[in-house]
Amino acid sequence: MTTTETSKRVETVNLSIPCASDYVGVVRLAVSGIATRMNFSIEEIEDIKIAVSEACTNAVQYAYDDPSNSRVEIECHLHPEQKLEIVIIDTGNGFDVEATAKSKQENSILSEDANLDDPNSVPSLGLGMTFIKSLMDEAEFISQPGKGTTVRMAKTI
Amino acid sequence: MTTTETSKRVETVNLSIPCASDYVGVVRLAVSGIATRMNFSIEEIEDIKIAVSEACTNAVQYAYDDPSNSRVEIECHLHPEQKLEIVIIDTGNGFDVEATAKSKQENSILSEDANLDDPNSVPSLGLGMTFIKSLMDEAEFISQPGKGTTVRMAKTI
Amino acid sequence: MSLDFKIHITTNEIIPIVHVNGEIDVYTSNELNQSIANVGEQNPNIILDLTNVHFIDSTGLGVIAFNAEKCRRAGSALCVICDKPQIRKVFDASGLSGKSVLVVEEETEAISAIQTRGGSNDNN
Amino acid sequence: MSLDFKIHITTNEIIPIVHVNGEIDVYTSNELNQSIANVGEQNPNIILDLTNVHFIDSTGLGVIAFNAEKCRRAGSALCVICDKPQIRKVFDASGLSGKSVLVVEEETEAISAIQTRGGSNDNN
Ligand SMILES: Nc1ncnc2c1ncn2[C@@H]1O[C@H](COP(=O)(O)OP(=O)(O)O)[C@@H](O)[C@H]1O
Ligand SMILES: Nc1ncnc2c1ncn2[C@@H]1O[C@H](COP(=O)(O)OP(=O)(O)O)[C@@H](O)[C@H]1O
């Protein structure tokens with residue numbers, strides 16, 4: 001993990017949280033701790049925190065009809081070539097990744113016909129997946145309807 | 001987890017780390033995040049961090065002859081009665097809890113005959129288990145020779 | 001602790017300022033949305049002070065964009081004070097900074113930006 | 001970031017000061033031990049500045065106690081500067097504060113404590 005370690009293997013930290021918004025911040029803290037120890041720069045750590053936050057938020061918001069008994073799994077793989085790979089897994093409804101990528105932002109706040117009347121239901125920006133792709137060096141979305149979604153992302157120092 | 005949650009159930013966060021000193025700080029960060037969200041006071045959070053650190057450190061230092069392929073599991077159970085229960089589990093050599101409690105500090109730095117000549121081998125203080133017991137409201141050590149050690153601790157707000 | 005989240009409201013001249021402390025994410029953004037909505041009931045223009053915010057993601061941006069767009073449609077303005085490069089960067093990456101959301105670095109800038117763009121509260 | 005760890009050495013008058021930044025635990029205590037050992041080769045007395053340390057556990061205490069006890073046996077002294085109650089509390093709970101380890105709140109106190117207890121470096 002650091003220069004004092006001679007390990008040339010992938011080391012893994014696993015985290016498993018209830019599928020609830022309360023715990024997304026805990027994941028960010030743990031991941032930022034790992035990234036700090038790997039000696040990522042402050043800017044890189046901020047990028048990683050945002051990307052992880054987006055993926056966990058999506059799992060919390062969209063994966064399950066009833067999230068109350070559901071969980072989100074987070075795997076952090078520390079590669080010896082100073083690459084941090086993070087995998088966020090839910091076993092929820094899944095979604096059509098390609099169709100979503102195409103239609104994104106159509107119902108966004110920023111479109112003129114977005115309905116802003118209900119202050120309790122804020123339309124999303126449709127930026128989550130875009131942020132993950134732009135902030136990380138690698139990003140992959142694998143989703144199967146009824147089986148769940150796996151978001152794999154990685155950044156190298 | 002907070003007043004906005006109506007859940008009356010135990011919620012669990014699981015963490016699994018390689019058995020290496022690098023990762024003890026990551027566990028502290030994650031646990032302090034959970035404790036902060038539960039609204040523990042700053043002093044209580046410090047106490048919890050120390051207790052968790054002691055248990056993880058013991059697993060890293062003593063549990064395995066060869067820790068390189070070994071892991072430490074950390075379970076955080078958030079009880080609705082504002083109790084945080086933390087369980088640290090290794091599957092290492094185990095030790096005799098009672099005998100150790102009795103003989104503690106015999107080979108400590110503070111004893112007059114402690115050998116301080118080798119700067120690369122600092123004798124331990126024998127304070128880890130004492131700290132866990134004194135800083136947490138509940139502490140339990142379960143160890144089976146050859147099977148491993150489970151340290152269960154809890155603090156209520 | 002970085003998971004602490006707090007909001008408090010002050011009023012500078014006639015524009016209320018919503019000061020946020022901590023991280024704006026899926027967990028805290030509801031509270032932020034509620035605070036802005038409450039303030040907005042009394043005042044068309046709003047200043048959002050993110051000086052003490054050290055994390056924001058697209059959920060937080062969504063809440064800010066939602067309220068900024070509501071202000072814009074009503075002919076008023078929401079202005080964000082933000083001096084941290086990493087927070088600023090998120091606004092810029094979203095493409096929001098140019099549109100309904102004004103992002104400035106200081107309170108005085110925020111006041112004059114609102115007075116130019118949103119019109120003063122005196123008009124109501 | 002709270003996982004950053006740094007050590008730097010300064011010398012006030014004739015007593016070297018080891019300034020530690022970050023968390024002292026099983027991961028970082030080896031580096032601290034090494035730093036103190038290096039400084040100790042040149043100087044019998046050592047001041048350890050923990051003003052910027054926000055976490056310490058029994059592993060960190062062990063390294064400090066080890067070096068303090070070496071100093072004590074050699075007739076010199078190791079003095080810890082620590083103004084944070086939560087760090088101080090750990091020293092007190094360990095029962096070390098009274099024994100080989102001197103714990104004070106300020107650099108001036110540390111210097112006079114060492115000059116009283118450890119004898120000055122001039123004696124060497
Ligand atoms: N883990 C997931 N499970 C189910 N659907 C998802 C998941 N992640 C993303 N989606 C779908 O993809 C859409 C786009 O997500 P994203 O780009 O993050 O934007 P936003 O979250 O702002 O809508 C979401 O609105 C949702 O329909
Ligand atoms: N997880 C563990 N696996 C094996 N042995 C352990 C474990 N935890 C503690 N021990 C044993 O108990 C002893 C006392 O531990 P502790 O009270 O933490 O003091 P210290 O770590 O300073 O020796 C250790 O020296 C070790 O022999």
Side-chain angles (χ1 to χ4, degrees), chain A residues 17 19-30 32-33 41-62 67 72 104-105 107-135, chain C residues 1-5 21-41 46 53-74 76 78 82 84-101:
Chain A
I17 58 166
C19 190
S21 63
D22 315 46
Y23 298 95
V24 176
V26 174
V27 179
R28 280 199 303 274
L29 264 183
S32 72
S41 71
I42 291 174
E43 290 74 34
E44 288 168 327
I45 295 168
E46 289 305 318
D47 291 349
I48 295 169
K49 281 170 71 177
I50 294 169
V52 166
S53 199
E54 299 294 350
C56 292
T57 299
N58 281 351
V60 166
Q61 289 188 317
Y62 307 120
V72 183
K104 95 178 131 59
Q105 296 201 342
N107 186 33
S108 153
I109 294 153
L110 298 176
S111 67
E112 278 303 321
D113 56 347
N115 176 6
L116 308 182
D117 291 338
D118 180 1
N120 293 317
S121 109
V122 177
S124 73
L125 285 170
L127 280 176
M129 289 167 62
T130 311
F131 272 10
I132 296 171
K133 285 180 213 154
S134 65
L135 295 171
Chain C
M1 292 303 307
S2 48
L3 281 179
D4 266 349
F5 184 74
N21 253 276
E23 307 194 328
I24 308 182
D25 72 351
V26 61
Y27 179 64
T28 59
S29 57
N30 286 340
E31 188 181 336
L32 176 61
N33 191 38
Q34 209 52 63
S35 284
I36 299 177
N38 292 344
V39 170
E41 277 174 22
I46 295 168
V53 167
H54 41 261
F55 179 83
I56 191 164
D57 62 14
S58 75
T59 315
L61 284 182
V63 165
I64 294 172
F66 172 78
N67 288 285
E69 184 63 15
K70 276 210 299 194
C71 285
R72 194 188 65 79
R73 291 189 193 176
S76 59
L78 182 150
C82 162
K84 287 212 184 57
Q86 78 257 35
I87 304 293
R88 178 86 202 207
K89 181 182 162 189
V90 180
F91 277 94
D92 293 344
S94 73
L96 286 174
S97 333
K99 303 187 182 176
S100 29
V101 185

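In what follows, every chain begins at residue 1, and chains take the letters A, B, ... in the order their sequences are listed.
- Of all the heavy atoms in A:L125 and C:S58, the pair that sits closest is CD1-O, 3.7 Å.
- To the nearest 0.5 Å, atom CD1 of residue C:I87 and atom CD1 of residue A:I50 are 7.0 Å apart.
- The pair C:K89-A:E43 fails the salt-bridge criterion, with no side-chain N (NZ, NE, NH1 or NH2) lying under 4.0 Å from an Asp/Glu carboxylate O.
- Taking CD of C:E69 as the reference point, atom CG of A:L116 lies at 6.0 Å (rounded to 0.5 Å).
- A:V60 is linked by a side chain to side chain contact (heavy atoms under 4.5 Å, CB included) to A:C19, A:S21, A:V24, counting only residues two or more places apart in sequence or in another chain.
- Between A:Q61 and C:V26 the shortest heavy-atom distance is NE2-CG2, 3.8 Å.
- Nearest heavy atom pair, residue A:V122 against residue C:F66, reads CG1-CB, 3.7 Å.
- Between A:F131 and C:V90, the closest heavy-atom pair is CE2-CG1, 3.7 Å.
- Using a 4.5 Å cut-off between heavy atoms, C:D57 contacts chain A through both its backbone and its side chain.
- Summarising the geometry, atom CG belonging to A:L127 is positioned 7.0 Å from atom CG belonging to C:L61; distances are rounded to the nearest 0.5 Å.
- In this structure, the portion of C:I56 lying under 4.5 Å from any heavy atom of chain A is its backbone and not its side chain.
- When side chains are defined from C-beta on, C:E23 counts as touching A:K49, because their heavy atoms get closer than 4.5 Å.
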